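We're numbering straight along the sequence, starting at 1. Note that the coordinates shown come from a computational prediction; the quantities given were computed from them, not determined experimentally.
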Amino acid sequence: MSENRQLLETFENQFPDRDYKIEIVAPEFTSVCPKTGQPDFGTITISYTPDKVCIELKSLKMYLQSFRNQGIYYEHVTNTMLDDLVAVSRPRWMKIVAAFNARGGITETVTSQYTSAM
């Protein structure tokens, strides 16, 4: 469990019998390269089909900002987010796409996905 997980809050899904998709785009995500200490910038797209609860957006904003000064690899941050968000919201399905800006002429996009075993 990441230390940031406790920042996340949820609220009751008003349509639990319906499959629908929520997409959240955070275009100003920042973290720090663990090798160089330089800032990393990216766009995080969270798509999910809720079950009993939905993710509260203000708490999600605070959660994403908690990575701002954390030295963490792209792959690690993307999978940590998926683990944390799935743990608190127990969605039917979730996908996180983390598209990081170019550094040294190279971009990277990491996609991590979860499907409930319902």
Practice task
Classify the side-chain pair N79/S112 by whether it contains a donor and acceptor separated by less than 3.5 Å.
Solution key: yes

Exercise for the section: Kindly indicate, with the supporting measurements, whether the criterion side-chain contact (heavy atoms from CB on, under 4.5 Å) is fulfilled by V77 and F29. Expected result: CA-CA 11 Å; V77 73; F29 179 78; 3.8 Å; yes

Exercise for the section: Spell out, as yes or no, whether a donor-acceptor pair under 3.5 Å connects the side chain of Y48 to the backbone of I55. Expected result: yes

Exercise for the section: Examine distances only and state if a side-chain atom of R90 and a backbone atom of S116 form a donor-acceptor pair shorter than 3.5 Å. Expected result: no

Practice task
Give, for atom CE of M81 and atom CG of N4, the distance between the pair rounded to the nearest 0.5 Å.
Solution key: 9.0 Å

Exercise for the section: Taking the side chain as every heavy atom from C-beta outward, state whether E108 and E75 have any atom pair closer than 4.5 Å. Expected result: yes

Fill in the blank from the handout: T115 and Q113 have their tightest heavy-atom pair at OG1-NE2, 4.1 Å

Problem - Other residues, nucleotides, ligands: >12 heavy atoms within 6.0 Å of F15 CZ - result: no

Exercise for the section: Look at the rings of F100 and Y74 and say which category their plane angle falls in: under 30° parallel, 30 to 60° tilted, over 60° perpendicular. Expected result: parallel

Practice task
Give the C-alpha distance, both sets of side-chain angles, the deciding distance and a yes or no for side-chain contact (heavy atoms from CB on, under 4.5 Å) between L60 and I46.
Solution key: CA-CA 11 Å; L60 178 62; I46 302 163; 3.9 Å; yes

Problem - Min side-chain heavy-atom separation Q65-L7 under 4.5 Å - result: no

Handout entry: Verdict with reasoning, R92 to D51, per side-chain contact (heavy atoms from CB on, under 4.5 Å)
Key = CA-CA 6 Å; R92 295 178 186 152; D51 191 18; 3.1 Å; yes

Completion exercise
To the nearest 0.5 Å, atom NZ of K52 lies from atom OG of S89 at 12.5 Å

Handout entry: Shortest non-hydrogen contact between S59 and E9, atoms and distance
Key = OG-N, 2.9 Å

Handout entry: Pairwise distance OG1(T78) to CG(D83) - rounded to 0.5 angstrom
Key = 11.0 Å

Practice task
May I ask whether I24 and W93 are part of the same hydrophobic cluster, defined by side-chain heavy atoms of I, L, V, M, F, W, Y residues being less than 4.5 angstrom apart, directly or through others?
Solution key: no

Fill in the blank from the handout: Output for pair (R5 CZ, Y63 OH), nearest 0.5 Å, gives 7.5 Å

Practice task
Return yes when atom CD of E28 has more than 12 non-hydrogen atoms of other residues, nucleotides or ligands closer than 6.0 Å, and no otherwise.
Solution key: no

Practice task
Answer with yes or no whether the hydrophobic clustering places F11 together with V86; edges join I, L, V, M, F, W, Y residues whose side-chain heavy atoms lie under 4.5 Å apart.
Solution key: no

Fill in the blank from the handout: Heavy-atom nearest pair, Q14 first then P16, reads C-CD, 3.4 Å

Exercise for the section: Calculate, to the nearest 0.5 Å, the distance between atoms CZ and CD1 belonging to F67 and I72 respectively. Expected result: 5.5 Å

Practice task
For the residue pair P91 and T49, establish whether any side-chain heavy-atom pair is separated by less than 4.5 Å.
Solution key: no

Problem - In one Ile/Leu/Val/Met/Phe/Trp/Tyr side-chain cluster, 4.5 Å: Y20, M94 - result: yes

Handout entry: pair T30-R68: side-chain heavy atoms closer than 4.5 Å
Key = yes

Problem - Reference residue Y73; test side chain to side chain contact (heavy atoms under 4.5 Å, CB included); the match among P34, C33, S31 - result: P34

Practice task
Spell out, yes or no, whether V97 and I22 are grouped together once hydrophobic residues are joined by side-chain heavy atoms under 4.5 Å, including indirect joins.
Solution key: no

